[in-house]
Amino acid sequence: MSNGTTMQSYEAISGYDVRACTKKAQKAAVKIVVLGDEETRHHGDILLRRVKKSALPDIVDQKEIIQRLRSNKDLGFFYMIYAVSRASEFYTPYCLTIVGYDDIDKSNFLTISGNGVTQYYPGDMVFTPLDVWEREYDYYCKLIKINAFKKFRMWKGFYVWRKYCVWQKFHAAQDMLEHNLFILNPILQKALLDIQMMCCKLINMSFSDTSNIQENALFGFIEVQMGKLESVQERITEFHSLTKELVNNACHGALLAAGYTVDDSNFLKPQSTSPYKKSKDKGKMSYIEQANKRRFCVRLSCFIHLADYMMLHLFHVLSRNSLEDMVMAFRTHFYYLPSDSRLKSIETYEKLEDPRPSDAPQLPMFIVDVLINPEELSLDPCEQVFLDIFNQIMDLWDEAITGLKPLVPDPFFKPFTECLAKQSWPVANLNAATDDFRGKSGINCGF
């Protein structure tokens, strides 16, 4: 049979006008060829080839051929093959075209006659009566008009596109975290965990010693506080030194793991080709390697910055604990002091204080001497001496903390932080934070 048998365009099955779109694209391609220059004509030819490649092939109208076979018994049968491959966007179970015997695909072809449709496979064949074939075709045409099937290809395309976008964003975020989180670097991770472990051991320390809050002589109480201050200061000085060593070793190890050294000693000097001439050129990194090393040093400087903030946090907690312990010791006695109205209304022979609970301190916190003079009654030591001494104690707390300098401006870490000055990094920020620490921590408050 010739290929001139009546065909039906794919839009009768799928529900949209593919041929119209194809003709418009062909006209646009022809217009480009006519109006453009040589380069435009070349692009127009490419577009035209693409349009032809994606154009819908001619397919047979199943309803019409079935009607012709029923009305004319002398037609015999026709050979049919699939017009496109299964991977094509136009493929359907009924995307068939009529061909001659010489053009059939013997691995998979069909014959249609007045009795039915036979599909041939290698070593097998399946016969379907013509009525059943027509009914299944009608069901299929109705089925693909449902949106779930009609828009499946478009939905799948958008689904794959969305999945790819999510995958790209996920991996971009993963790469960002891997390059920026210190905790994911094995060398820096160990140093951070060691510093955090030391901070956890020292987090409950306090400069103040309030183990005895009854019957203290002022200067004896000061001696106890100075002894506690010295012991705590030794521990935080040791902590500062250990942190400095840990950070330095971690920075050197991470830099070496990245393929660099501080003095660039891993880049060898070029060998001289002449045995009588010594090369004066030193081993030098390329500009790309220098930029990569500088970028990595910026990350290490941020790591040093992080270690500084961890120490500052510990010192802030230490100052807060010291103040809270001291204030709590004073409040324990303050709750049992008589009010001003009671002092004015009570008789001189009555007790000023009510009995205290058994779990509360029974004696006053400090013992002072009362000096009786003809003109006045005075206390030894007086109130001003108490205030001056406690202010001096808190100043010593302040000096013990601010005396430990941050790591970023330390010349010891200059090989890692010198790149910050070239990038206008605010190195002085940490110094300013340390200078403001005294006021923000609340150490310098008076009683």
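Keep in mind that this is a model prediction, so the values were computed, not measured.
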Shortest non-hydrogen contact between Ile304 and Phe413, atoms and distance: CD1-CD2, 3.7 Å

Main-chain N/O of Ser85 paired with Ser88 side-chain donor or acceptor, under 3.5 Å: no

Only one of Phe109, Phe78, Tyr79 passes ring pair (Phe, Tyr, Trp, His ring centres under 6.0 Å) with Tyr101, and that residue is Tyr79

Suppose we call two aromatic rings close when their centres sit under 6.0 Å apart. Are Tyr309 and His313 close by that rule? no

Using the test salt bridge (Lys or Arg N to Asp or Glu O under 4.0 Å), find all partners of Arg235 that sit at least two apart in sequence or belong to another chain. none

Specify the closest pair of heavy atoms between Leu188 and Ala250, including all atoms of both residues, with the distance to one decimal. CD2-O, 3.8 Å

Can you list everything that forms a side-chain hydrogen bond (donor to acceptor under 3.5 Å, both in side chains) with Gln225? Sequence neighbours excluded, please. none

Considering only residues two or more places apart or on different chains, which pairs with a residue in residues 171-182 satisfy side-chain hydrogen bond (donor to acceptor under 3.5 Å, both in side chains)? Trp167-His171, His171-Gln174

Which residues pass the salt bridge (Lys or Arg N to Asp or Glu O under 4.0 Å) test with Asp138, sequence neighbours left out? Lys63

Between Phe149 and Ile144, what is the shortest heavy-atom contact and its length? CB-CA, 4.1 Å

Does the side-chain contact (heavy atoms from CB on, under 4.5 Å) test come out yes or no for Val60 and Ile112, once each step is laid out? CA-CA 12 Å; Val60 65; Ile112 184 170; over 6 Å; no

Could you check whether any side-chain N or O of Lys228 sits under 3.5 Å from a backbone N or O of Ser206, counting only pairs where one atom can act as donor and the other as acceptor? yes

Please check if the number of heavy atoms outside Ile183 that lie under 6.0 Å from its CD1 is greater than 12. yes

Can the ring centroids of Trp133 and Tyr94 be said to lie less than 6.0 angstrom from one another? yes

Euclidean distance, Leu202 CG relative to Glu238 CD, rounded to 0.5 Å: 9.0 Å

Gln189 atom CD: more than 12 heavy-atom contacts under 6.0 Å: yes

Side-chain donor-acceptor pair under 3.5 Å between Thr210 and Ser208, yes or no? no

Considering residues at least two apart in sequence or located in another chain, which fulfil the side-chain contact (heavy atoms from CB on, under 4.5 Å) criterion with His240? Met311, Leu404, Leu407

Please round to the nearest 0.5 Å and tell me the distance separating atom CD1 of Ile222 and atom CG of Leu229. 11.0 Å

When the ring planes of Tyr91 and Tyr82 are compared, do they come out parallel, tilted or perpendicular, using 30° and 60° as the limits? tilted

Gap between atom CG of Leu323 and atom CE of Met328 - 0.5 Å precision: 12.5 Å

Going by atom types alone, do Glu136 and Tyr140 pair a side-chain donor with an acceptor below 3.5 Å? no

Which value, rounded to the nearest 0.5 Å, describes the distance between Ile213 atom CD1 and Thr332 atom OG1? 4.5 Å

Which residues pass the salt bridge (Lys or Arg N to Asp or Glu O under 4.0 Å) test with Lys190, sequence neighbours left out? Asp194

Answer yes or no: is there a donor N or O on one side and an acceptor on the other, between the side chain of Asn321 and the main chain of Val317, under 3.5 Å? yes

Answer whether the closest heavy-atom distance between the side chains of Met326 and Phe207 falls below 4.5 Å. no

Any side-chain heavy atom of Arg68 within less than 4.5 Å of one from Leu75? yes

Leu256: which residues meet the side-chain contact (heavy atoms from CB on, under 4.5 Å) condition with it, sequence neighbours left out? Thr261

Going through the distances and angles, do Phe416 and Leu255 end up as a side-chain contact (heavy atoms from CB on, under 4.5 Å)? CA-CA 9 Å; Phe416 307 107; Leu255 189 64; 4.0 Å; yes

Pairs flagged by salt bridge (charged side-chain N to carboxylate O under 4.0 Å, His left out) wherever residues 90-100 is involved - sequence neighbours left out: none

When you measure from the side chain of Asp103 to the backbone of Val99, do you find a donor-acceptor pair of N or O atoms at a distance under 3.5 Å? no

Listed partners of Phe386 passing ring pair (Phe, Tyr, Trp, His ring centres under 6.0 Å), at least two apart: Phe366

Return yes if some donor-acceptor pair links the side-chain N/O of Ser113 with the main-chain N/O of Phe77 below 3.5 Å, else return no. no

Keeping Asn185 on the side-chain end and Ala254 on the backbone end, is there a donor-acceptor pair under 3.5 Å? no

Less than 4.5 Å apart, any side-chain heavy atom of Tyr287 and any of Gln290? yes

To check you understand the geometry: which heavy-atom pair defines the closest contact between Ala257 and Ile187, and what is its length? CB-CD1, 3.9 Å

Let's go through Ser319 and Ile401 carefully: what are the C-alpha distance in whole Å and the side-chain angles of both, what is the deciding distance for side-chain contact (heavy atoms from CB on, under 4.5 Å) to 0.1 Å, and is it a yes or a no? CA-CA 9 Å; Ser319 303; Ile401 291 176; 2.8 Å; yes

Show the atom names and distances, to 0.1 Å, of all donor-acceptor pairs under 3.5 Å that link a side chain in residues 116-131 to residues at least two apart or in another chain.
from   : atom 1 : to     : atom 2 : distance (Å)
Gln119 : OE1    : Tyr121 : OH     : 3.2
Gln119 : NE2    : Asn108 : OD1    : 3.1
Gln119 : NE2    : Tyr121 : OH     : 3.1
Asp131 : OD1    : Arg70  : NH2    : 2.5

Taking all atoms of both residues into account, what is the closest heavy-atom pair of Ile81 and Asp105, and its distance? CG2-N, 3.6 Å

So Gln62 and Leu96, do their side chains get closer than 4.5 Å, heavy atoms only? yes

Go through the steps for Tyr260 and Asn292 under the test side-chain contact (heavy atoms from CB on, under 4.5 Å), then give the verdict. CA-CA 10 Å; Tyr260 307 102; Asn292 291 336; 3.2 Å; yes

Kindly indicate whether the side chain of His252, heavy atoms from C-beta on, has any atom under 4.5 Å from the side chain of Asn248. yes

Are the ring centres of Phe152 and Trp155 closer than 6.0 Å? yes

Mind checking the CG-CG spacing from Asp74 to Leu69? Nearest 0.5 Å is all I need. 11.5 Å

Please collect all side-chain hydrogen bond (donor to acceptor under 3.5 Å, both in side chains) contacts where either partner lies in residues 195-204, sequence neighbours excluded, each pair once. none

Sort and list the pairs that fulfil salt bridge (charged side-chain N to carboxylate O under 4.0 Å, His left out) and have at least one residue in residues 239-253, not counting sequence neighbours. Lys244-Asp410

At what distance, to the nearest 0.5 angstrom, does CD1 of Ile195 lie from CG of Leu314? 11.5 Å

